[in-house]
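What follows is a set of notes on a single structure, which appears directly below.
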Amino acid sequence: MVRLHTINTLRCNRKDVDEGRLSLEATKVDVREESAFDREFLVHLLPTLEWPSLRDAARAVGVTLPDALDDALKTDEAFLRALHHILFDVHVVEGSLRCVESGQVFPISDGRPNMMLPEEVV
Amino acid sequence: ATARRVSLTFRRLGVATRRAFDAANAATAARRAAKRDKRREKKRRAGPAAPQVKATPTPVAIVETDGVQTPAIEREHVWRVYEAVAPQWHGTRYKAWPRVAAFCQEHCLGGAVVADVGCGNGKMAPAATARGARVLACDVSARLVAIAAREHASKHYDALVADALRLPWRSGVADAALHIAVLHHLSTPERRSRAIAETTRVLKVGGVALFYAWARDQRRGRSGHAFDAPDVLVPFHLREHGPHWDPSACDAAPAHAVRDAAKRATVVQRYCHVYDEGELAALVS
């Protein structure tokens, strides 16, 4: 199963692409029970998140996140817990990731994204 | 306890007894001869035996390629082989190597994001996730990734299909990386360098990676042998029996596969580049 955090770490790896931001389309989602909350880890993770992508991916699974991650939110316990749940307990089972720049589509089937590229664009 | 007592009895055999013994011995000898003749006749009728399929590593020459596309030798002798043997591979590879487990104990801690490149069947998942690390795993074999995802569905281990030379992750997302038994499947120094570069790209500054590949001289190790050449094809017997036998695997067999009738197995050849002492370290630096 691929978690939203994992999806947030992905990018289109075509050589002719700059950032490779991916747009998520989710047709089947599995929301699991809240896993153990590690506050320190989450705070440590925050700078590595691609926030606009995460916000869009969350929208694709029916969740609304704030436009920006400001300092007030970084210390808001309730917000952090909710963010933890969104990042680590929401699994995309079926769907796809589309490169915003090139249009390359990577399918997600049975919880597994296939990020292989055709040889021409590697 | 009483001492053992041996008692011997000598008897002169009567003529009739001797004749009975001789007859019994002759009958046994005749029975055995008949069985032996029947066996030889059967073998003669079966014709010459099928040539034994070579079961030891064979040196192979590497052809120069343009370096961008995946070389044919890797497509045929790595990608297609793993797709064909995935279930049996999974059934026979389940223990994390000792030094890998030690690396995980030190670097795959709670709060770490770890990349498992070339994860195969997810063998490293228990060791990598034991202390709470979040693992992002990838392998080029879709079948192996399916097994990894299924086996470790309850762990913090997200497996996906990707090529080690073109990792799908953004730069600097991982605190640590595992790169186990991948570099010996790359056929040129350039491709090996690219794989290493991709891994370090995905690591954040200060992150740690473990690169682990087969040595050419394994005489001090468990296998106790040395390979004849730096590039070899290593046989793998895909057995047509046993708990991991999947009849549907027949369709996925690579073109070079040869059936060994005697062993009831299909022999496939895995391409490996085996490393001289210092070669891997030089590549990384």
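Below, chain A is the first sequence line, B the second, and so on; all start at residue 1. Because only heavy atoms are used, hydrogens play no part in the values below, and waters and symmetry mates are left out as well, while side chains stay in.
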Based on non-hydrogen pairs under 4.5 Å, which of A/Thr48, A/Leu10, A/Asn114 is most in contact with chain B?
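Looking at each option in turn, the highest pair count goes to A/Leu10.
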Under a 4.5 Å cutoff for heavy-atom pairs, which residue among A/Arg32, A/Arg112, A/Glu40, A/Arg3 has the most contacts with chain B?
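Most heavy-atom pairs within the cutoff with chain B belong to A/Arg3.
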What is the minimum heavy-atom distance between B/Asp163 and A/Met116, and which atoms define it?
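Smallest heavy-atom distance, with atoms named: N-SD, 3.4 Å.
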Nearest heavy-atom pair of B/Ala159 and A/Pro113: which atoms, and what distance?
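Scanning both residues completely, I find the closest heavy atoms to be O-CD, 4.1 Å.
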I'd like to know whether [atom1] of [X] has more than 12 heavy-atom contacts from other residues, nucleotides or ligands below 6.0 angstrom.
{"X": "A/Glu34", "atom1": "CD", "result": "yes"}
{"X": "A/Lys28", "atom1": "NZ", "result": "no"}
{"X": "B/Arg201", "atom1": "CZ", "result": "yes"}

Report which part of A/Leu45 has an atom under 4.5 Å of a heavy atom belonging to chain B: side chain, backbone, both, or neither.
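When you check distances to chain B, only side chain atoms of A/Leu45 fall under 4.5 Å.
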Between A/Glu19 and chain B, with a heavy-atom cut-off of 4.5 Å, which part of the residue counts as in contact: side chain, backbone, both or neither?
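Neither; nothing under 4.5 Å.
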Taking the side chain as everything from C-beta on, heavy atoms only, tell me whether B/Arg134 gets closer than 4.5 Å to A/Thr9.
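B/Arg134 vs A/Thr9: side chains apart.
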Is a side-chain N or O of B/Arg170 found less than 3.5 angstrom from the main chain of A/Asn8, in a donor-acceptor match?
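Looks like yes, one N/O pair under 3.5 Å.
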When you look at A/Arg11 and B/Trp169, which way does the side chain to side chain contact (heavy atoms under 4.5 Å, CB included) test go after all the steps?
CA-CA 6 Å; A/Arg11 67 154 205 193; B/Trp169 295 303; over 6 Å; no
Rounded to the nearest 0.5 Å, what separation is found between the SG atom of A/Cys12 and the CZ atom of B/Arg166?
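These two atoms lie 9.5 Å from each other.
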First locate atom CG of B/Asp158, then atom CD1 of A/Ile7, and finally report the distance between them rounded to the nearest 0.5 Å.
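It comes to 8.5 Å.
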Kindly indicate, with the supporting measurements, whether the criterion side chain to side chain contact (heavy atoms under 4.5 Å, CB included) is fulfilled by B/Val113 and A/Phe41.
CA-CA 10 Å; B/Val113 174; A/Phe41 168 58; 4.2 Å; yes
Check each atom of [X] against the heavy atoms of chain A and say whether the ones under 4.5 Å are side chain, backbone, both or neither.
{"X": "B/His156", "value": "both"}
{"X": "B/Val173", "value": "side chain"}
{"X": "B/Ala174", "value": "neither"}

Count the heavy-atom pairs under 4.5 Å between each of B/Cys138, B/Gly172, B/Ala162 and chain A, then report the option with the highest count.
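Going by pairs under 4.5 Å, I would pick B/Ala162.
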